[in-house]
Amino acid sequence: MKFKAPRGMRDYYPDAMAARNWIMERWHRVSLRNGFEEYDGPIMEELDLFRVKSGEGIVSELFHFADRGGREMAIRPEMTPTLARMVAARANALRKPIKWYSVPRLCRAERPQRGRLREFFQWNIDILGEDDILADAECIFVAIDFFRDIGLTPEQVVMKISSRSVLAAILRINGFAEERLEAVYATLDKRDKLAPEEFSKLIETLGVPEPQEQLLLKLGEAKGPEGITMLGEMVGQDPEGNQEVDNLERLFDLLGDMGVGPYCLFDMGVVRGLAYYTGPVFEAFGKGGLQRAICGGGRYGELLKTVGGPPMSGVGFGSSDVVIADLLKEFNLLPDLSPVTAVFVIDADPRNPTLFKRVLSITAELRRRNITASYSYRRQGIGKQFKQANDRNARRVIIVEEATLTDNTVSVKDMGTGVQQPLALEAVLDDPFQPLEPA
RNA sequence: GUAGGCGUAGCUCAGUUGGUUAGAGCACUUGGUUGUGGUCCAAGGGGUCGGGGGUUCGAAUCCCCUCGCUUACCCCA
């Protein structure tokens, strides 16, 4: 074929569409039951909106163009700038806390690889206007609520949680200059990807004194409850540091109270590349072969200000359908999504046009009653029609026959059990799935 | 942008000292079957062997180039 779907973008044939809908229905369901409202924005924004948030380097990763008025536009690569813009515009009018979710279609002009395409859907959950760490706990709970909803157990997925603010406090107490923090974050974020000796080498390239090097090595290893204890020792008597560690402990207490403790793990190795995170950060990982993060987020303190809004803190996360689909596949969690026809209507004698008229009217009546009903377009033998009914995964078959014309009865067959019984047509229309008695 | 792997039917793949008209399974269509589906049997449609060039009497097969896909790195919102 001359044409195919663009690089990194997908065609959704019905089976793929069914899988996509399966995931997205669960995103909606979980969002709504956790008290989030849906919002959306335009598919593209002014290029500058993304520049403001992420810097000039972002431009090469975007699909962008000049419109006919010469305005630089970009297809959205993420939802957060749009969210910040929308909330900032009505910051004072919106009831707090703002709990919003969205399932935007996003595009990024990067090289496709496993779990990462050029066009995808991303579930976004955000809480704004609530500084208490309870909001952070809520966001993490929502992500795990979704994992549970699709059948993932703590043996299959882990939510790794860390804290930018604790990390910042420890670094400050140990004499790291403010302007070095960015580089340190980037380095620590790589820890889990490298062998220990390579990580040590990377630390050395930072060019910090020996004691600070040792601190960074130790920090990267902090994990689990002992890790948090270790952080407590590191901050010592520093009041601000103590407060941050207390906050982190409270986060884990809350998650325990919410019943999702088994999914959660403190891990200082989670830092997240983004510059704008200011508090707790978290990333979920599958425990199988797929090592990529399946969701990631955290608290951002200053984001609204960068788009000209008031100071308002937020916390949220995003999760792409591509990685979720990979994970579902890996753990075989997608159910059979083949289309099901509830009722298939058959005429017993294809040579009798009067019977077919009744097939049409009965099918139409079933559909009017919101029952998925179908029939064969070809007037062919009853065996062929049954075959077609079977191919369409019909639950029940209604056979229109001579008795239908004389007594207004039809034969109903259950395709699962094979049981067939004559019944009054009205009774069948009222309840097509009533129990059948074997003859 | 860097490096590896792979390109044969819709899908998964066979196909070597280079040799007739390129194959299988699954899927699809039709028939076996004029009142009963799934199983089974049979037939059929579907391929410029990714593309171009070269070597050769002869290339899916050997050589060169190119395009595409894919995995990892870089980056990551």
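Owing to the predicted nature of the structure, the values given are computational and were not obtained by experimental measurement.
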Tell me if the side-chain of A/Arg111 makes a donor-acceptor pair with the base of B/U2, cut-off 3.5 Å, by modelled atom types.
yes
To the side chain of [X], which of [options] is closest?
{"X": "A/Gln420", "options": "B/C74, B/C75, B/G35", "result": "B/G35"}
{"X": "A/Arg108", "options": "B/C76, B/C73, B/G37", "result": "B/C76"}
{"X": "A/Ser411", "options": "B/G35, B/U2, B/C75", "result": "B/G35"}

pair [X]-[Y]: side-chain heavy atoms closer than 4.5 Å:
{"X": "A/Thr417", "Y": "A/Leu436", "result": "no"}
{"X": "A/Leu355", "Y": "A/Val359", "result": "no"}
{"X": "A/Ile23", "Y": "A/Leu328", "result": "yes"}

Students often get this wrong, so: under 4.0 angstrom with heavy atoms, is [X] touching a base, only sugar-phosphate, or nothing?
{"X": "A/Gly418", "answer": "base"}
{"X": "A/Arg116", "answer": "base"}
{"X": "A/Leu106", "answer": "nothing"}

Taking only Lys NZ, Arg NE, NH1 and NH2, and the carboxylate oxygens of Asp or Glu, determine whether [X] and [Y] approach each other closer than 4.0 Å.
{"X": "A/Arg369", "Y": "A/Asp430", "value": "yes"}
{"X": "A/Arg379", "Y": "A/Asp347", "value": "yes"}
{"X": "A/Asp40", "Y": "A/Arg76", "value": "yes"}
{"X": "A/Glu365", "Y": "A/Arg368", "value": "yes"}

Residues touching RNA chain B, which here means a heavy atom under 4.0 Å, drawn from [range]:
{"range": "residues 345-355 of chain A", "value": "A/Ala348, A/Arg351"}
{"range": "residues 299-308 of chain A", "value": "none"}
{"range": "residues 373-390 of chain A", "value": "A/Arg378, A/Ile382, A/Gly383, A/Lys384, A/Phe386, A/Lys387, A/Asn390"}

Just the rounded figure in Å: distance from [atom2] of [N] to [atom1] of [X].
{"X": "A/Arg118", "N": "B/C75", "atom1": "CZ", "atom2": "P", "value": "18 Å"}
{"X": "A/Gln122", "N": "B/C76", "atom1": "CD", "atom2": "P", "value": "16 Å"}
{"X": "A/Asp15", "N": "B/C11", "atom1": "CG", "atom2": "C1'", "value": "11 Å"}
{"X": "A/Met9", "N": "B/C69", "atom1": "CE", "atom2": "C1'", "value": "16 Å"}
{"X": "A/Arg392", "N": "B/G38", "atom1": "CZ", "atom2": "C1'", "value": "16 Å"}
{"X": "A/Tyr277", "N": "B/C76", "atom1": "OH", "atom2": "P", "value": "13 Å"}
{"X": "A/Tyr185", "N": "B/C76", "atom1": "OH", "atom2": "C1'", "value": "18 Å"}
{"X": "A/Arg114", "N": "B/C73", "atom1": "CZ", "atom2": "P", "value": "12 Å"}

[N]: pairing nucleotide in any strand, Watson-Crick or G-U under 3.5 angstrom:
{"N": "B/G1", "result": "B/C73"}
{"N": "B/U56", "result": "none"}
{"N": "B/G7", "result": "B/C67"}
{"N": "B/A24", "result": "B/U12"}
{"N": "B/G31", "result": "B/C41"}

Can you tell me, in whole Å, how much space there is between the [atom1] of [N] and that of [M]?
{"N": "B/C6", "M": "B/C76", "atom1": "C1'", "result": "27 Å"}
{"N": "B/U30", "M": "B/C67", "atom1": "P", "result": "43 Å"}
{"N": "B/U61", "M": "B/U8", "atom1": "C1'", "result": "11 Å"}

Less than 6.0 angstrom from the centroid, inside 45 degrees of the normal: does A/Lys53 satisfy that with respect to the ring of A/Tyr300?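 No cation-pi geometry.
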Across all chains, not counting sequence neighbours, the salt bridge (charged side-chain N to carboxylate O under 4.0 Å, His left out) partners of A/Arg392 are none
Whether the side chain of A/Arg164 engages the backbone of A/Gly298 through a donor-acceptor N/O pair (distance < 3.5 Å, no angle test) should be reported. no
For residues 134-152 of chain A, the side chain to side chain donor-acceptor pair (under 3.5 Å) pairs (sequence neighbours left out) are A/Arg29-A/Asp149, A/Arg33-A/Asp145, A/Arg33-A/Asp149, A/Asn34-A/Asp145, A/Lys99-A/Glu138, A/Asp136-A/Arg299
| Residues which pass side-chain hydrogen bond (donor to acceptor under 3.5 Å, both in side chains) with A/Glu56, listed by chain and number, not counting sequence neighbours |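 Applying side-chain hydrogen bond (donor to acceptor under 3.5 Å, both in side chains) to A/Glu56 gives A/Arg51.
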- Does the ring centre of A/Phe121 sit less than 6.0 Å away from the ring centre of A/Trp27? no
